[in-house]
Amino acid sequence: MERGFLKDAWLAQRLLRGETGALRQVYHLYKHDLLTVAASILCDLHAAEDCVHDVFAQFAGSEKDVAVERNLRGYLMRCVANRAKNMI
């Protein structure tokens, strides 16, 4: 479990430094989990993909403001769940 937190902290630092590829790495690391959450709420795979896309588009625009130091996955899961609920 600690390894995941260390990876999140490392990715968050890369995002804050503006390193190219950090956002792509975050997306590829967590996209399946995020799609699962969105699909379970929306019961529609296409809507779930739109939901995850919306969250990442917003996240990409605010990556300099990333205040997530330990649980990036949890933060993104909450964002996707909230976005999916708003879509309903």
Side-chain angles (χ1 to χ4, degrees):
M1 182 79 93
E2 186 65 30
R3 178 177 281 183
F5 290 131
L6 291 174
K7 180 172 268 192
D8 281 356
W10 175 72
L11 285 169
Q13 288 302 313
R14 288 186 61 210
L15 287 168
L16 286 170
R17 287 192 302 263
E19 288 186 27
T20 58
L23 185 63
R24 181 177 36 245
Q25 187 172 2
V26 170
Y27 176 78
H28 287 293
L29 186 61
Y30 298 126
K31 71 179 175 181
H32 295 293
D33 292 340
L34 300 175
L35 277 171
T36 299
V37 168
S40 70
I41 294 169
L42 297 168
C43 300
D44 179 335
L45 183 58
H46 296 294
E49 289 171 344
D50 290 343
C51 175
V52 171
H53 178 267
D54 290 349
V55 167
F56 267 91
Q58 184 175 4
F59 187 64
S62 64
E63 61 190 59
K64 296 290 187 202
D65 300 325
V66 175
V68 181
E69 294 181 10
R70 291 188 54 108
N71 195 350
L72 188 56
R73 179 183 174 271
Y75 171 79
L76 289 170
M77 299 277 272
R78 283 189 308 276
C79 289
V80 166
N82 289 337
R83 175 69 181 130
K85 291 173 187 174
N86 288 339
M87 290 172 72
I88 292 176

Contacts table for residues 21-29: side-chain donor-acceptor under 3.5 angstrom, sequence neighbours left out:
unit_1, atom_1, unit_2, atom_2, d
Q25, OE1, R14, NH1, 2.4

The complete set of side-chain hydrogen bond (donor to acceptor under 3.5 Å, both in side chains) pairs with one or both residues in residues 77-86, sequence neighbours excluded, reads D54-R83
Residues L42 and A84: closest non-hydrogen pair is CD2-O, 3.4 Å
Of all heavy-atom pairs linking V80 and A38, the shortest is CG1-CB, 3.6 Å
Within residues 39-50 or reaching into it, pairs that qualify as side-chain hydrogen bond (donor to acceptor under 3.5 Å, both in side chains) - sequence neighbours excluded = none
To the nearest 0.5 Å, atom NE2 of H53 lies from atom CG of L35 at 12.0 Å
Any residue meeting side chain to side chain contact (heavy atoms under 4.5 Å, CB included) with A39, in chain and number order, not counting sequence neighbours | A48
Just jot down the salt bridge (charged side-chain N to carboxylate O under 4.0 Å, His left out) partners of D33, sequence neighbours excluded, or say none.
-> R73
Where do A47 and M87 come nearest, in terms of heavy atoms and distance?
-> O-CE, 3.6 Å
Looking at CD1 of I88 and SG of C43, how far apart are the two atoms once the value is rounded to the nearest 0.5 Å?
-> 7.5 Å
Can W10 be reached from Y75 by stepping across I, L, V, M, F, W or Y side chains whose heavy atoms are under 4.5 Å apart?
-> yes
Take V52 and Y30, measure what side chain to side chain contact (heavy atoms under 4.5 Å, CB included) needs, and give me the verdict at the end.
-> CA-CA 10 Å; V52 171; Y30 298 126; over 6 Å; no
